[in-house]
Amino acid sequence: MEVKILSEHYDKPSYKSLDGYKELGGYEDLAKALKMDPKQIVEDVKASGLRGRGGAGFPTGVKWGFLPENGEPRYLLCNADEGEPGTFKDRLMMEAAPHQLIEGMIISAFAIKSHKSYIYIRGEYNDSIRSLEKALAEAYKDGLLGKNILGSGFDHDMDIYVGAGAYICGEETAMISSLEGLKGQPKLKPPFPAIEGYLGKPTIVNNVESLASVKYIIRDGVEGYRKHGTEKSAGTKLFSVSGNVVKPGNYEIALGTSMKTLIMDIAGGMKPGRKLKAVIPGGSSTPILTADEAMSANMDYESIASFGSFLGSGAVIVLDDSNCMVDMLGILMHFYHHESCGQCTPCREGTGWLNKVVHAILKGEAREKDLELINGISNHMMGKTICALSDAAAMPALSFLQKFRDEFEYFIKEGQSKVRGVGYAQMHH
Amino acid sequence: MFKLSPAGEEFVKKELTRYETKRSAIIPCLFKVQEENKGWVSPEAVTYLSGLMDLPEAWVNEVLNFYTMFNKEPVGKLHVQVCCNISCCMNGARELTKHLKDTFNVKEGEVSADGNVTITRVECLGSCGTAPMMQVNDNYYENLTHESAVKTIKELM
Amino acid sequence: MSKVPQPSELSNWYLPGILKGLGYTFTNMVKNILNPKKMSTLNYPEEKYKYSARFKGNHILTVKKDGSLRCTACMLCATNCPAQCISITASEHEDPTVEKYPINYEIDILRCVFCGFCEEACPVDAIRMGPEWQTPGLAGADFHYDIKKLAYRANLKGGIQSSVDDKERHEAGI
Amino acid sequence: MPKCTINGKEVEVKEGATIIEAFKTMSEDIAHYCWHPGLSIAGVCRLCMVDVEGARGPQIACNTVVKDGMVITNQSEQIKDIVRWGMDFHLINHPLDCPICDQAGECGLQEQYMKFGQYDPEMNQQKVKKRKVVDLGERVVLDSERCILCSRCVRFTDEVSKTNELGIFNRGDRSEVGTFKDKPLNNKYSINTVDICPVGALTSKDFRFRQRVWYLKNDDTVCNGCSTGCNVKAYFNEEGLFRVKPVYNEEVNGHWMCDDGRDIYKYVNKEHRLLKAKNNSGSQWSELTAGKAMQELHNSLFAEIKAAPEKTGVVLTGQYTNEEYQAVFATLKELGVTQAFHWNDTDSDDFDGLLIRGDKNPNTKGLQNAASAFGALKSVADAEAAIASGSLETVMVLAPENIAVYSNYDKTFAALSKAKNFVWFGANKTECFETTNSSNTWMIPIKSFVEKSGTFTNHAGLDQTFNYVTTVVAGALTMSEAMTLFKGETLEFDLRAKPMTSMKNNHFTLNRGEL
C-alpha cells in the first residue's frame, strides 16, 4: 500500500507556496534541526539507514562522514539532473513541493557545515526551474536563506544551476564538471568529491529525494523513520511506474513492499488483455527482470539485488507481451550511444558498437555470432571506465540477451520480430 | 554579426560574477544567446560571446557542442521535441513523430518550409508516466494523441 | 646426386661421335622442315614467345577509374625492394580522401631483380608485374622508368584498372 | 620511499609516484595512450589496467598511487584480455590508412597492437566518418578519423602552452578534436602536439610526406636556436636532415621545444651550405678544398698577421662551441692579436616564460666565458668603424650558422668585407656572398652543429656537451681544425673505420622511440 510521507501533501496546490507549506508544518523541522548539534544530525542520518535515492543507493550519512573534519569552503550540491529513462519522481517533488527540498537542503547543509549549495537541475525541466526559483526567492525573503537563518547564526546561500541536456551530468563528478563550466564529463576518482569536488573543495552531491528525506528523519527521529521499510532498506521511497500499466505515475511506498503490489494493485495492473512480460526495476540502466522474477521480488535494495538487478532510481518500467525485446534494446542502446560523454574509450566506442550491432539485428543484417559479440563488448565495457555509464549500457544488453535470447535469435534468422511479426521499417517508421 | 541586446549583455555580466568561476557562466550565457538568436547558436555568436566573456572560444564551443539543448542549426519558431525513449515508444511516440512529420510535411531536424516547425526526436524528458509527450519550446505537453498533438502545435502557431 | 657418366672406350675414336652428332642435327632439321609447328625454338626477334599473364616482367602502375594513379606513395614497395631500385616522391593531394599521391615514381629497371616483392608489399594493388620483359634502351636514362612509362605506356591503352575501387572502399568504410 | 612488486620484481619508487611511473622506471611493458609524463592525468584510454592484489578489480595504473607493499601485475590473463579488447575499442573506428599515414612506423596504435592486440578483429559494421585533412593552423594538420581522443594535445594547449586553442567537441563516438574556426592552432609550441599525438591524427605540415620515418635515423644533440639550449633529436638520412624533436631534460626543456627550434635543421641541409672554400684575390672566384685554403692562408697571412697583430681583428658570434672558441683564442694569443669583436643581432633578455629566449645564439655565455681570459669583446660596430678608418686590415669572421635570426647579416657582411684581408668562416651561403668589397676574400666552409662534437653553455651557465650526429658537407672543417691548419700544423684523423650510416635502410624497427 502507498505510504505517503514525502508525498503527503503533493496533491495540494497550496503546498507549492511558502505560506501553504508553512501551514502544513513546513520549516518546523528546520528550526528544530538548527538547534541540534550538526554532528548529531549526521549520526542520525547514518542511523536512519537512508540510502541515496538517485540510483547507487549509497548510505547518505556515510557519504557525509567522508568529508574532512576541516576544510572550508565545502559545497552541497543537489542532484536534480534526473535523466534516467523511466524516472520522473524528482520532477514531481520539485514541482509539487519545492520548499520541501529547500528545507531538506538547509538541514543537510547545516549538518555538513556548508555555506553554499547549488541545485543542479536539468534544463528541460522548465516547470521545476520556475517553481524552485519562485520558492528560493520566497525563502530568501523570509530569512530562511542568507545570513543568520532563523537566528541560529548559520549562514547559507543557495542557487540554481540549470543544465543543458546531458544524461551524464547526473553522475556526481560530471555534474561538478558541468557546474564548473566544463563539458559534463566525469572526473577521475580518487580523489572523491567529498575530498576534492567542486573547484577542488570538499563537496557532497545528493539526490533530490535523499535531501528531502532528511527533513523527515529530523521530524520523526531515527526510530520514526525506520518504522517503514526493511532493516537494510529503511524508509519510504517514490517509485515512478511507467510503460504498459493502466495507471502509470509516481507512488510512494515503504521499501520492501512487493513489486506485485506496486504494479498490479497500486499502478492498476496490466492493460486489458495483456500479460506481464518483463520489468526493468530501477531505470533503464538496470538489468531487466522476467515476469516471474518481478512477481516474486520486493521493492528494496537487497531483494532486487538477489535477482541480479538494482533498485536504481526507482523507475519501474513495465513491459507486456506486445513489446519486442530486440526493439526495446535498440531504443536503449541508441540512448546510451547518444549520451556517452566520449571520454573513456571502452564506453565511447562500446556504446556506438553495441548500438550498431543491435541495429544490425533489427535491420536483418546481423550474423549468428553477433550475439556473442554483444556479450563480449558488454563484458569488456563493465567496470572499465571512469563512471558507470558504460556499465549502464552493458547491463541491459547483457540481461536482455540472457533472458530473451530466443527473440534475438529469431530476429537474426527471420529478419523480423518474433512478438510483433514485423521488421525494422514497420517498427521504427 | 550577432550581438546581444543591452539587457542580454547586462545578464552576461551578472552571470560572470554569480558563480565561483567565470567559466560556470558559459551555459547560462549560451542559453541567453540562443534565446536572442532565434533559437540557435551560430558560430559568430560563439566568437562574440567568448569575446564578451573573455574566455577561449574552444571552451565555449566545447560546452556548446556537448549539450543537446543548444541548437547548432537554425530551428523553426516552434521546436517540437518528441521523447522517443523506452516508455514513450511503448506508448506510440514513434508513430506520433511520424504523424507529426507527415502532417507538417517536414523532415526530422529540419525547419519546415514556412519556418514554423522543427520536429526532432529526443531522449528521455522525464515524463514517462504521461507518455507519449512532447516539448514545444519551453513547455511540456503530455498524454498526447495524434489529434491532440497536432491541435496543440496548430494552436501555438 | 647425379653422376657424370664416364666417357666410354668408343669415344676415343672421334669419328663415331661426330657422325652421331651430325645425325641428330640432320634428323631434327628434316623434322623441323616437315613439321615447323612442332619446332621447339623461335625465330626471335621476328617471333616472340607469349608469356603467361602471371609472368613477372616489367612493372605496371594501375590506375583508378578516372585514370589517375592508384599509388598512394606509401613507400612500402621501395622499403621492401631488395635491389633498392624504386624511388618515390610523395605529395599532398587536393582531395582529402586521397590525401597522398606520388608526383614522381621511378624504377631503375637495370637494378631490378624482378622478385615481385613490390607487388606483394603493395596494400592497394597499385603496382603489378606484367608479361612484358624486354627492356631495350639506348641511353642510361631509358632504364629509369617514370610514371608515364610505368602507367601510361602505349600498350597499356590508358592504364590498367584494378578491380577494387578506392572510392567504393572508402564509402564502404573499409 | 614505498616499495612495490611489479610482475614479480621488487622496485622502490618516489613518494607519490603512480603505478605507471613505476612500470616506466622498470621498463616493463604497459599499454597506454593518454598518459604522458609531462601532462596531467586524464585516465581515458583505459589501457593501462593492472591487477593490484587486494583491490576490488582491475585498476588503471596512471591514476593509482603506489603504496608500500603493493603487489602489481599486468601479466594475468584477465588483464591481457582487457587490454586486447581495449585495443579493439580504440581501433573499431580507426581507418586503415597506415599506407598514407605519416605516423606509420612510429605509431602508438601499430606498436601496441603488435604487442597487445587481438589479431582477429570483430568489427564488421561501418566505421564512423569524420573530417580528414583539416588545417588546424600554420604548422599542424588534423585527421579526425585517426584520432583516438586521448586528449593529450588538448591538455597540452591547456596546461603547457596555455593557449587553449584545442578542444574536444561533441560527445560519444562523434567527439572530434578541433579548433574553433576563428582561432587556429598558431602558438609557438604547436608542433609539440604532433610529437605527443600517439597516432597519426596530428601531423606536421613541414615534415608531412617528405620521408617515411623508417628511412630516418636519429641522434641526440642540442638545439642551436636560442640560448635555452633544448635537448633535441635530429632525424636524418643521406639526403639530409628532416626534422627535429625534443628530448626530455628536466633541467632545460622538460618534454618540449618551440616551433622555431624545429626549423634549425633547414640551415644544415646541403642546399643552404657553403660546400667548398672560395677565394677571391683579384676579380675572380676560385674554388678549392677547405684544407688547401687554410694552408694557403697560413702561407700568405700567418706571418703578415704575426708581424703586425694590431691591424688584425676577429669577429665572433655565439654559435660555436666552447672548444672552438678556445682554439680560436689560443691562436689569437699566439699571433698576438688583441682585438676581438662580438657580433650579436639578437641581444635581448626576453623570455616567454616557457622556453623561448630573446638571445638567439646557443652559446653567447660560452663565448663570454672564453673571452673573459682574453680580454673585453668589443661590438661589431667598432670593427666596422675600424675597417672604415683603415686601422683594421685583416678581419676573420666566425659567421653565424642560424642566419635567420641575424637581421643585419647582409649589411654586416658588406661592412666587414671592406677589410683588405677578409676571412669568412661560415657554414651557410647566401646571395650576399656574390659580391665582396675586399681585395682578398676567403670563405671557409665550417661544420654545422650536427656535424661536430662540442659544448654549448646555455643562458643559465649549464654546459651541455653534444656529439657528432651526421655529416652533411664532407669538406667542411670545425673552427678547431681550421685553426690547427692555419697555424701550419697538420690535422690528425681518426683512421679507425666508422660505421657507415648513410644507407637508406629500414631502421625503424631498431630505432623506434618511446611513445
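Side chains are part of it too, since the values below use all heavy atoms of this structure and drop only hydrogens, waters and symmetry mates. Here is how names work: the chains are called A, B, and so on, in the same order as the sequence lines, proteins then strands, and each is numbered from 1.
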Participant: Does D/D120, at its CG atom, have more than 12 non-hydrogen atoms belonging to other residues, nucleotides or ligands within less than 6.0 Å?
Facilitator: no
Participant: Looking at A/M381, A/E339, A/H338, which has the largest count of heavy-atom pairs under 4.5 Å with chain D?
Facilitator: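 Heavy-atom pairs under 4.5 Å are most numerous for A/H338.
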Participant: Name, in order of residue number, those residues of residues 182-191 of chain A that have a heavy atom at a distance of less than 4.5 Å from a heavy atom in chain D; otherwise write 'none'.
Facilitator: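 Under the 4.5 Å heavy-atom cut-off, A/K183, A/L188, A/K189, A/P190 qualify.
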Participant: Is the NZ or CZ atom of A/R122 both under 6.0 Å from the centre of the six-membered ring of A/Y125 and within 45° of that ring's axis?
Facilitator: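 Pair A/R122/A/Y125 counts as cation-pi.
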Participant: Please state whether the side chain, the backbone, both or neither of A/I168 comes within less than 4.5 Å of a heavy atom of chain D.
Facilitator: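 Neither part; nothing is under 4.5 Å.
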Participant: Is there a side-chain contact between D/V141 and D/V134, using heavy atoms and a 4.5 Å cut-off?
Facilitator: no
Participant: Relative to chain A, which segment of D/I41 carries a heavy atom at a distance below 4.5 Å: side chain, backbone, both, or neither?
Facilitator: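 Contact with chain A: backbone and side chain both.
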Participant: Using non-hydrogen atoms only, which part of D/I82 is less than 4.5 Å away from chain A: side chain, backbone, both, or neither?
Facilitator: both
Participant: Using a 4.5 Å cut-off on heavy atoms from C-beta on, say whether the side chain of D/I20 contacts that of D/H32.
Facilitator: yes
Participant: Just do the side chain to side chain contact (heavy atoms under 4.5 Å, CB included) check on A/L354 and A/H337 with the steps written out, would you?
Facilitator: CA-CA 8 Å; A/L354 277 178; A/H337 171 232; over 6 Å; no
Participant: Tell me, do A/P287 and A/Q402 make a side-chain contact under 4.5 Å, heavy atoms counted?
Facilitator: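 The answer is no, as the side chains (C-beta and beyond) never meet within the 4.5 Å cut-off.
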Participant: Centres of the A/Y167 and A/F335 rings: under 6.0 Å?
Facilitator: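 Ring-ring flag for A/Y167/A/F335: true, centres closer than 6.0 Å.
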Participant: Quick one: of A/H380, A/H359, A/E349, who has the most non-hydrogen atom pairs under 4.5 Å with chain D?
Facilitator: A/H380
Participant: At a heavy-atom distance under 4.5 Å, which candidate from D/I168, D/N124, D/V128 has the highest pair count against chain A?
Facilitator: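 Most heavy-atom pairs under 4.5 Å with chain A: D/N124.
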Participant: Between A/A360, A/G342, A/P346, which shows the greatest number of heavy-atom pairs under 4.5 Å with chain D?
Facilitator: A/P346
Participant: What residue, out of D/C34, D/G43, D/S175, has the most heavy-atom pairs lying under 4.5 Å from chain A?
Facilitator: D/G43
Participant: How about A/K369: does its NZ atom have over 12 heavy atoms from other parts shown lying under 6.0 Å from it?
Facilitator: no
Participant: Which region of D/R174, side chain (C-beta onward) or backbone (N, CA, C, O), has a non-hydrogen atom less than 4.5 Å from a non-hydrogen atom of chain A, or is it both or neither?
Facilitator: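 Contact with chain A: side chain only.
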Participant: Between chain A and each of D/D81, D/L47, D/T64, count heavy-atom pairs under 4.5 Å; write down the option with the most.
Facilitator: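 Most pairs with chain A among the choices: D/D81.
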Participant: If you look at every heavy atom in A/G57 and A/Y301, which pair is closest and at what distance?
Facilitator: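 Reported closest heavy-atom pair: CA-CE2, 3.8 Å.
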Participant: Between D/Y119 and D/Y113, is the ring centroid distance below 6.0 Å?
Facilitator: yes
Participant: For D/M123, is it the side chain, the backbone, both or neither that has a heavy atom under 4.5 Å from a heavy atom of chain A?
Facilitator: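 Its backbone and side chain both get close to chain A.
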Participant: Got more than 12 heavy atoms from elsewhere within 6.0 Å of NZ, A/K232?
Facilitator: no
Participant: Flag the one option from D/I60, D/D88, D/I148 with the top tally of heavy-atom pairs under 4.5 Å to chain A.
Facilitator: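 Among D/I60, D/D88, D/I148, the one with the most close pairs to chain A is D/I148.
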Participant: Applying ring-ring contact (aromatic ring centres under 6.0 Å, His included), name anything that partners D/H90, two or more places apart in sequence or on another chain.
Facilitator: D/Y33
Participant: Measuring heavy-atom distances to chain A, does D/V65 have an atom under 4.5 Å in its side chain, in its backbone, in both, or in neither?
Facilitator: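 For D/V65, no heavy atom lies under 4.5 Å from chain A.
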